[in-house]
Structure formats: C-alpha cells, structure tokens
Amino acid sequence: MESIKAPRGVRDILPDESWKWAFIFGVTRKIAEDFGYREVHLPIFEQTELFSRGIGETTDVVEKEMYTFSDRSGRSLTLRPEATASMVRAYLEHGMASGPQPSKLWCAGPMMRYERPQKGRYRQFWQLDFEAIGSASPLVDVEVIALSLEIFRRLGLSNLEVLINSVGCPSCRPVYRSALQGYLRERFDELCPTCQGRFDRNPLRILDCKVETCRAITDGAPDVRDHLCGECRSHFDEVLQGLDLIGAKFRIDKRLVRGLDYYTKTAYEVLSGDLGAQNAVCGGGRYDNLAEAIGGPHTPGVGFAAGLDRIVLTMEQQGLSFGREPSISVIVVVADEAARDEAVRLLYELRRAGVPSDMDTSGKGVKAQMKAAGAAKACCVCILGSSEVSRGVVALKEMATGSQEEIERERVVERLAAKMKAACC
RNA sequence: GUGAGCGUAGCUCAAUUGGUCAGAGCACUGGACUGUGGCUCCAGUGGUUGGGGGUUCAAGUCCCCUCGCUCACCCCA
C-alpha cells in the first residue's frame with residue numbers, strides 16, 4: 001500500500017523551523033500592542049458568499065482558487081483564501097461599529113488557495129493580517145502602512161521596496177477605466193493574448209503585465225492620478241504627506257493595481273528583492289465598499305496582509321537572526337539503576353523551577369547519555385549514581401569547559417536556576 | 001490551467017553505451033573507553049531506486065501513465 005503524504009502544496013513546519021515562526025509572532029504581537037491593535041481568532045472556513053460577494057465574483061481568487069465544499073447539511077462553505085472579508089464580517093456581526101472607531105484588529109493564521117505551488121507560494125500559507133475598520137481618515141492608511149513597515153524594520157529586513165498607488169473609488173475608477181481602454185484600444189493588436197483577454201474584464205491589470213511589448217505600450221498610458229475625483233485625489237495626497245511626515249520611504253507606482261475587487265483609494269505593496277517571482281511580502285490598502293458588498297452598512301476600512309512564509313524565506317536569505325532557538329539547558333544523567341528514582345525527582349524539581357531539563361528514559365549507558373547531552377547542546381549535566389545519592393551530592397559538569405564539581409543535592413536546583421537567570425545557559 | 005527540469009536509505013548524493021549497482025558520507029544504535037560528551041576507529045539498523053504498466057535474456061538506467069518536487073507563466077501574501 002502506498003504511504004500517505006501531505007497533499008500537494010501544503011507542508012509541515014517542523015521544529016527546526018517553527019521556532020523561527022514563534023519569533024516573528026512575538027515581534028508582531030508586541031508591535032500590535034504598540035499600535036493599539038487587538039488580536040482576534042477567526043474561523044478558517046466561512047459561507048462561500050462572504051468571499052464571492054466580498055472579493056468579487058470575477059476575480060481569479062473566487063473564480064478558480066477557492067477550496068469550496070458542501071457540508072453535510074448542504075451549505076456551501078469555503079476555506080478562507082484571505083482574512084479581510086472575515087474580519088469585516090466579524091466586525092459587522094458583533095456590532096463593533098458601536099465601539100470606538102476605528103476598530104483596530106489583527107490575526108494570524110493559514111489561508112488556503114488552490115494555486116500551482118512554486119517558490120514562496122503554497123496552497124496553505126500563513127498571513128499576518130491587520131485591519132482598521134470604521135474610519136475614512138488618511139491618517140489611518142498611514143498608520144496601517146507604518147505598522148507593516150515597523151514589522152519588517154524590527155525583524156531586520158532589508159532590500160525591500162514599498163510601492164503605493166490609488167485605485168480610486170466607484171465614482172472615479174470607471175472614468176479612468178474608460179480613459180485607459182480608450183488609449184489601449186488603438187494598440188489592442190499589439191497587446192499579449194493575456195492582456196487582450198483582460199481588456200474588457202479588468203483593463204487595469206494590463207498595467208502590471210510583465211511582457212515587454214505591453215509595458216512599452218502602457219508606459220504612455222494615462223496616469224490614474226490624473227483621473228481621480230477630488231476626494232480620492234486629496235485622500236491620496238494626505239496619505240503621501242503622512243508617510244513623508246513619519247519618514248517612510250516609498251515609491252509611487254502607477255502600475256500598481258489590486259486583484260481583489262474591494263480595494264478603493266490606497267493600494268500598496270511591499271516587495272522583497274530576495275525572493276523569486278512571488279516577491280510580495282505584504283499587500284494591502286483601503287476597502288471602503290467591502291462592508292456594503294457583504295450586506296452591512298457603508299463602513300470604510302483599511303488594512304494589510306503579510307505573508308509569513310515569504311518573510312521567513314527572505315529573512316533566511318538575508319541571514320537574519322530569529323533570536324535564540326529554545327534548547328535544553330540541563331541533562332540529568334543516571335549512572336546506575338539505584339539512582340534512577342532520585343534522578344527523576346531532581347529532573348522534576350528542575351522543571352518546576354523553570355530550568356529546561358531532560359533525561360534519558362531508555363536505559364542508555366552513561367557515555368551515550370553524555371553524548372546525547374552534547375548533541376542537545378545542554379549547558380550542564382547532573383550526574384547521579386548510587387555514590388552521589390548515598391552522600392547527598394550531585395556531580396555537576398559544565399559542558400563547555402568540561403569542569404566538574406560535586407555540590408550538595410539540596411542546592412543544585414537553586415544554583416542551576418540562578419545560572420539560567422544570569423543567562424549562562 | 002500552461003511550460004520546462006527533476007524524483008535512488010531520515011538528510012546530501014554515487015552507480016561508464018540498459019549487464020552483481022543497490023553504494024558512500026552524514027544522522028541514528030552499539031562497541032573500542034564496563035560512571036563522563038565534542039576527536040578517532042570498528043560494527044549494526046535502514047531502500048520492493050515515488051507508484052503502476054510496458055520493451056528486453058536483463059531497467060535505477062529506455063517508453064507510457066500517474067503522483068509529487070522545483071522553477072517560470074498566471075495570480076498573489
């Protein structure tokens with residue numbers, strides 16, 4: 001019988017990697033606190049309509065990338081492909097509009113999308129998601145962008161590029177859309193087949209086509225900024241001014257558009273220069289019409305999602321530190337069977353005192369236990385044999401220096417705990 | 001969904017034109033050193049060569065299918 005493996009595009013995050021994730025969660029949690037964002041845990045599946053109405057029926061995500069299934073009662077459910085729609089749903093469902101605005105929330109968790117796996121792209125991937133819901137102020141856009149940049153700053157990431165643009169609103173985007181189509185129509189035959197297909201459905205996407213000929217054509221295309229309505233225009237200007245105010249570096253990119261329908265006004269993206277083709281480590285923007293799309297009252301909002309897998313990849317590529325990998329400090333070595341009970345007692349005293357400790361349970365010889373202690377990078381070893389037990393002492397050996405001394409059994413735990421606090425271990 | 005490359009022990013890789021080719025190193029276990037690690041030496045555990053089918057006297061090596069991996073397109077975090 002063939003052995004069962006993990007499904008395509010998903011992976012196990014094993015201990016050698018999971019501690020790095022924990023480090024990033026720690027940094028993120030502190031920043032959330034510093035910026036006043038509170039953590040929520042959302043369901044990983046929702047009613048399918050939340051996404052089809054929220055993200056947009058004709059988007060690639062909804063059309064061909066969702067894991068949709070019926071449960072036993074026939075409801076159509078979908079494994080969440082992103083978190084923003086769920087966050088807004090939760091905001092509406094729990095009447096958060098009656099609290100202080102904006103509601104500043106964040107969450108971390110896996111998202112699922114049926115895509116062809118490739119470097120930095122998995123069918124289950126993790127996102128850090130921050131949303132500020134209930135405010136139309138450009139200062140909130142600035143805060144959200146600043147927060148994402150602060151995560152990258154504290155993690156030590158470099159070689160990043162911050163791109164920003166405005167995609168307008170329902171009143172000015174159609175104007176720009178037709179202006180763009182008008183311009184492109186004359187050179188329609190020169191566009192790549194993909195872009196010819198995008199012409200009617202989503203002409204804005206033609207702007208970020210990678211094909212050389214398309215780029216040459218769109219170089220001279222009308223700029224969104226010249227077609228924004230007064231409100232979108234001033235909003236965009238205030239966002240840019242705010243970013244300047246706090247010293248954030250960014251580049252306005254008129255080619256930047258979004259693949260999800262709910263975006264309005266501000267759109268931004270953070271690109272890593274140390275990834276492959278999937279180089280966005282963070283993407284986000286404003287979505288003033290999302291709440292209405294899913295059946296709520298008009299509620300402005302802005303937020304971003306950062307790709308955890310891609311952040312880890314970039315950090316590894318740049319040789320950055322993930323803090324200290326947790327490891328066992330003390331190994332209790334049993335020299336002979338007569339000392340086993342005492343060794344177990346000592347082990348649990350150490351653990352209760354907060355000293356990371358372990359011992360062999362398979363009856364290995366002293367040499368093998370020592371070897372294991374070395375491999376586990378233990379700081380100290382407590383050796384207990386009948387000789388030590390009868391004299392009420394423990395042989396304490398420091399692995400780094402190899403020096404060994406006998407100390408009173410009563411004082412061992414206290415001594416090792418102190419050593420830990422002094423960060424000697 | 002499209003294209004290209006690749007799938008040999010837990011890991012990294014060997015195996016001339018198909019002919020003892022199923023191996024090495026690391027890791028793991030044990031021993032030399034019967035109560036002391038990192039070095040050295042020795043031994044052992046471990047693979048129906050991703051799976052299935054075909055060609056052949058003979059296939060890890062060739063052909064087909066399938067699954068998966070990698071990279072790119074596409075899309076996006």
Side-chain angles (χ1 to χ4, degrees), chain A residues 1-11 14 16 55 59-65 81-84 108-130 148 192-195 197-198 202 205 208-211 256-260 263 267-272 275-284 303-314 331 333-339 362-388 395-404:
Chain A
M1 203 203 304
E2 202 172 340
S3 60
I4 296 175
K5 294 176 188 159
R8 181 166 205 200
V10 306
R11 63 206 182 112
L14 300 177
D16 282 346
I55 297 173
T59 57
D60 279 19
V61 170
V62 171
E63 268 189 346
K64 46 193 189 194
E65 296 175 3
E82 58 118 36
T84 306
M111 307 299 157
M112 282 65 74
R113 256 125 92 159
Y114 185 86
E115 293 182 280
R116 193 82 172 252
Q118 126 185 26
K119 183 172 186 179
R121 186 167 76 181
Y122 312 99
R123 290 185 170 181
Q124 173 177 309
F125 56 98
W126 280 64
Q127 286 189 339
L128 303 171
D129 190 77
F130 283 74
S148 66
C192 72
T194 318
C195 283
R198 295 199 263 233
N202 193 355
R205 282 222 67 86
D208 69 350
C209 181
K210 285 173 186 167
V211 178
L256 179 66
V257 295
R258 306 268 65 189
L260 313 182
Y263 283 108
Y268 86 104
E269 218 165 75
V270 181
L271 270 29
S272 164
L275 290 174
Q278 306 302 317
N279 61 351
V281 290
C282 171
F304 72 84
L308 200 46
D309 312 73
R310 292 182 187 176
I311 290 174
V312 173
L313 278 174
T314 303
I331 296 282
V333 170
V334 187
D336 55 70
E337 268 310 307
S362 63
K364 279 185 198 160
V366 171
K367 187 183 175 66
Q369 293 182 62
M370 288 301 297
K371 200 172 175 182
K377 296 192 179 111
C379 157
C380 296
V381 149
C382 290
I383 303 163
L384 272 176
S386 34
S387 155
E388 283 80 9
L396 182 63
K397 176 169 184 169
E398 270 195 42
M399 296 302 276
T401 61
S403 67
Q404 186 170 327

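These values consider heavy atoms only, across backbone and side chains, with no hydrogens, waters or symmetry-generated copies. Remember, it's a predicted structure, so these values are computed and weren't measured experimentally. Letters go in sequence order (proteins before strands), and every chain restarts at 1.
Nearest nucleotide to the A/Lys119 side chain, out of B/A77, B/C75, B/A72: B/A72. Taking every side-chain heavy atom of A/Tyr114 into account, B/G1 is the closest of B/A72, B/G1, B/G35. In the set B/U70, B/C75, B/G37, the nucleotide with an atom closest to the side chain of A/Met399 is B/G37. For A/Arg113, the listed nucleotide lying nearest its side chain is B/C76; candidates were B/G35, B/C74, B/C76.
In this structure, A/Arg11 reaches neither bases nor backbone, as no heavy-atom distance under 4.0 Å exists between it and the strands shown. Nucleic acid contact for A/Glu65: sugar-phosphate only, since backbone atoms but no base atoms lie under 4.0 Å from a heavy atom of the residue. Note on A/Gly9: only backbone sugar-phosphate atoms sit closer than 4.0 angstrom, heavy atoms only; bases stay farther off. At a threshold of 4.0 angstrom between heavy atoms, the contacts of A/Glu63 with the nucleic acid are absent. Contacts of A/Ser387 with the nucleic acid, taken as non-hydrogen atoms under 4.0 Å apart, include base atoms. Base engagement by A/Gly120 is indicated by at least one non-hydrogen atom pair under 4.0 Å involving a base atom.
Looking at A/Gln369, its side chain does come within 3.5 Å of a backbone N or O of A/Lys364 through a donor-acceptor pair. Panel note: side chain A/Arg121, backbone A/Arg116; a donor-acceptor pair is recorded below 3.5 Å. Side-chain atoms of A/Asp309 do not come within 3.5 Å of backbone N or O of A/Phe125 as any donor-acceptor pair.
Note on A/Gln118: a side-chain N or O is less than 4.0 Å away from OP1 or OP2 of B/C73. Look at A/Arg116 and you won't find any side-chain N or O under 4.0 angstrom from OP1 or OP2 of B/C71. Note on A/Arg121: every side-chain N or O is 4.0 Å or more away from OP1 and OP2 of B/U70.
Comparing A/Gly402 and A/Gln127 by the nucleotide of RNA chain B that holds the closest heavy atom to each, the one mapping nearer the 5' end is A/Gly402. Residue order along RNA chain B, read from the 5' end via each residue's closest nucleotide, puts A/Val211 first among A/Asp309 and A/Val211.
Computed from coordinates, the A/Arg123 CZ to B/C67 P distance equals 11 Å when rounded to whole Å. In this structure, A/Leu313 places its CG atom 12 Å from C1' of B/A77, rounding to the nearest Å. With rounding to whole Å, A/Glu115 atom CD is found 14 Å from B/A72 atom C1'. For A/Asp208 and B/C73, the CG to C1' distance is 14 Å, given to the nearest whole Å. As rounded to whole Å, 14 Å separates atom C1' of B/G50 from atom CZ of A/Arg8. A straight line from CD of A/Gln278 to P of B/C71 spans 10 Å, rounded to a whole angstrom. When the P atom of B/U70 is taken as reference, atom OH of A/Tyr122 falls 7 Å away, rounded to whole Å. Remark: C1' of B/C76 and NZ of A/Lys64 are 12 Å apart, rounded to the nearest angstrom.
Remark: A/Lys364, A/Val366, A/Lys367, A/Ala368, A/Met370, A/Lys371 in residues 364-374 of chain A come within less than 4.0 Å of RNA chain B through at least one heavy atom.
B/G52 sits 33 Å from B/C28 when the C1' atoms are compared, rounded to a whole Å. Comparing the P positions of B/G50 and B/U12 gives a spacing of 14 Å, expressed to the nearest Å.
Side-chain atoms of A/Arg310 come within donor-acceptor range of the base of B/C76, with a qualifying N/O pair under 3.5 Å. Side-chain atoms of A/Lys397 and base atoms of B/U36 include a donor and an acceptor less than 3.5 Å apart.
Between A/Phe304 and A/Phe130, the two ring planes are parallel [angle under 30°; tilted spans 30° to 60°].
Shown here for A/Ala373 and A/Val381, the closest heavy-atom pair between the two residues is CB-CG2, 3.5 Å.
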